[in-house]
Amino acid sequence: MPATRVTIALNSKQSQKAPVIIPASASTDPAAATSIRGLVFKTAQSKLRLKKPTRVYVGRTGQELLTEEDWKSNIKDDVVLLISAGEEYVGAKKELDVHSDVNPTSFVEILAFKAPVESLSLTQLTTTAHTLPGIVHAVGQPDLHPGTKFPIGAVFASKGWIHPPLIGGDIGCGMAWYKTTLSRSQVDGGKGKKVAEKLRGLEGAWRTQAYRESWLQDDQGHNCSAGEQWDSALGTIGAGNHFAELQVVEELSLTNDDGIGLRQDDVVLLVHSGSRGFGGSVLKKFTSDLRTSFEEGSPDASAYMKEHDKACEWAKANRDLIALRFLACLEPGNVSWHLGSSDAHYDDDGIKMIAMAKKNLQPRKLVDIWHNNVERVVWPPSAPSLPKKAPSNTSNVGRAVDKLTLSDDTPPAQYVYIHRKGAAPTYNASTHRPLSLLPLPGSRGTPTLILQPIFSEATSWGLKNALSLAHGAGRAMSRAKALSSLSQKYKGQNILEPRSSDIEGTWVICDERNLVFEEAPDAYKDVQAVGQDLVDAGVASVVGWCRARVSYKVRNEAH
DNA sequence: ATGTGC
């Protein structure tokens, strides 16, 4: 008889698993000296680091293996055994609960018309909406594209359930836009190269843990430090599609300028980054392949949300610190930003400067949004209240909204958890006021559109788009495909500098070969098509655009 | 996306 290959996993954390080869000579009798049970427990101790394995369940069914008969009938190739230190089976009970809340007909809205959408992402969107518990509404934004399991550029609204894997590991990832005092003449054309040269000292850890903890503390004393292991990445952009980009406002026509103060010809810094390793550690801590959903009010749901909120704050503080480090390079004359440079040394009062730097940075910030997060909002959205100053054209209420009824201060309201995975919100999360502008970045070097969300009866006041918009152009090609096809296409060319004839081009800092191609504009959809789809869906207006002048991905400081 | 997971 051949050996049997089974998988063992921790009952309490099923992502922890190991294969076990059971020789034909091992005994099904749990009391035998060479029992399968003994072999499984020994492997659980060494490979899963479970000190005292005591009970064994079969994955999916949850049947406990007790008698020799149980072992004999269940040990076959590819079976998954869940090893417990005494606790009850955690897998299947959830799956049974799940069924009653699944909505196989929940509504799926696709906001893509011109932008191309891969069929795999549609399958992922629909399958997810129809199989996870509590989903009442799903939206595919025009930048929709396939993820490993769940789609990106997607929004899921669910009642009574939280699904951490829907938003992924980069909890709190988003974009923040900051004004600089640079003039466009300092960054236009060939000047971009000079500016790019100034962007140094931006890789690696920022100062000491004491500084970082202070940066992660707000003026009320709340702090979102994740411990030195994760905080050491604070102030770094990261990899993948993350970037910081210097842009010029080429056109802008805001219909209701809420004192944002953005003007044509301004030079702005767009920072796209997240919670680095911290958010991933939160997802990993709470979920496994078999544990993806938490019922509202359960200890897991509350504990996850607490850590989730912390990761969101961390990510926001990370974007601010990235901006500070960039401003230290871009505006060297401003003492508020000196702290951003690791070259500036302080005796013992450096930490005191943090409050000043943060205070001076906030007025520079135009907008800061999370596009990977889960948020509780009143559902369905209702007609928003009018602004205090009534607009002259009241029929245009969709453009002149004061505040949305999204907070739960009207007790009997129904609400949902909006899960955003690569989707921007249409409102300010803390004030619940509609955003008057938000960025829709194209891929590296292509225009960033300036969006203004629209709330109108035609879109049921934001229900149609689940109070969300596209967060970027969206991938048109997988990383693997982009790497192979684009490295061929641009063989022997430097695609990081504008061609000498191109005065409108972008200077790109990207000292990582694979990223050069994986993040090339050709790997993404056309941002104009994505923007047009939002306009055609009636969920946003395009009120202007920015030209990218210097795009910073990653620098090899050793050069 | 990630001090990835083998």
Side-chain angles (χ1 to χ4, degrees), chain A residues 5 7-10 13-21 43 46-49 121 124 143 145-154 164-175 203-206 209 212 225-244 271-289 307-308 310-312 314-316 318-319 322 370-374 419-424 441 443-444 471-475 477-483 510 512-519 523-524 552-554:
Chain A
R5 188 184 194 281
T7 298
I8 60 167
L10 287 183
K13 192 173 189 307
Q14 294 163 13
S15 58
Q16 283 272 2
K17 52 190 176 191
V20 187
I21 305 294
T43 318
S46 60
K47 295 279 162 42
L48 307 181
R49 280 180 240 112
S121 55
Q124 289 180 335
D143 57 343
H145 59 280
T148 316
K149 195 166 179 193
F150 304 111
I152 300 156
L166 287 189
I167 69 162
D170 197 2
I171 301 166
C173 183
M175 309 226 186
E203 300 294 332
W206 178 73
Q209 179 64 4
R212 295 189 287 259
S225 166
E228 187 156 15
Q229 183 190 11
W230 307 121
D231 290 354
S232 60
L234 192 73
T236 59
I237 294 173
N241 59 355
H242 290 167
F243 63 82
V271 176
H272 174 203
S273 187
S275 53
R276 309 292 272 106
F278 177 33
S281 77
V282 173
L283 180 69
K284 200 172 159 204
K285 177 171 156 191
F286 284 92
T287 65
S288 74
D289 285 350
E307 300 265 313
H308 162 282
K310 193 170 156 185
C312 286
W314 196 103
K316 197 182 204 183
N318 187 38
R319 289 188 284 276
I322 291 166
W370 291 300
H371 57 220
N372 287 357
N373 71 337
V374 48
H419 299 70
R420 295 191 176 89
K421 172 62 175 189
S443 49
R444 186 176 75 198
H471 81 312
R475 278 202 165 279
M477 241 183 240
S478 70
R479 286 186 179 280
K481 176 144 192 263
L483 182 57
C510 185
E512 241 214 76
R513 191 204 174 252
N514 286 10
L515 273 188
V516 171
F517 303 109
E518 288 172 5
E519 295 297 319
Y524 282 82
Y552 188 109
K553 298 289 290 187
V554 62

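Throughout, protein chains are lettered first and strands after them, A, B, ... in sequence-line order, and every chain is numbered starting at 1.
- Rounded to whole Å, atom P of dT2(B) lies 10 Å from atom CZ of Arg479(A).
- Counting non-hydrogen atoms under 4.0 angstrom, Gly280(A) reaches nothing in the nucleic acid.
- Between Asn514(A) atom CG and dT4(B) atom C1' there is a gap of 15 Å when expressed in whole angstrom units.
- Atom CZ in Phe278(A) sits roughly 15 Å away from atom C1' in dT2(B) (whole-Å rounding).
- Checked by atom type, the side-chain pair His242(A)/Asp170(A) shows a donor-acceptor distance below 3.5 Å.
- Rounded to whole Å, the distance from NZ on Lys47(A) to C1' on dG5(B) is 15 Å.
- Between the CG atom of Leu283(A) and the P atom of dG3(B) there is a distance of 14 Å, rounded to whole Å.
- The pair Glu518(A)-Arg475(A) does not count as a salt bridge, with every side-chain nitrogen at least 4.0 angstrom from each carboxylate oxygen.
- Distance CD (Glu228(A)) to P (dG3(B)): 15 Å, rounded to an integer number of Å.
- To the nearest angstrom, P of dT4(B) lies 18 Å from NZ of Lys285(A).
- Residue Gly238(A) is in sugar-phosphate contact alone, with no base atom involved, counting any heavy-atom pair closer than 4.0 Å across all strands shown.
- For the 3.5 Å distance criterion, the side chains of Arg212(A) and Ser225(A) fail to qualify, holding no donor opposite an acceptor.
- Computed from coordinates, the Trp230(A) CH2 to dT4(B) P distance equals 8 Å when rounded to whole Å.
- When each of Gln229(A) and Lys17(A) is assigned the nucleotide of DNA chain B bearing its nearest heavy atom, the one mapping closer to the 5' terminus is Gln229(A).
- Between Lys284(A) and the phosphate of dG5(B), there is a side-chain N or O to OP1/OP2 separation shorter than 4.0 Å.
- Checked options Lys421(A), His419(A), Arg420(A); the residue passing with Asn373(A) is Arg420(A) (criterion: side-chain contact (heavy atoms from CB on, under 4.5 Å)).
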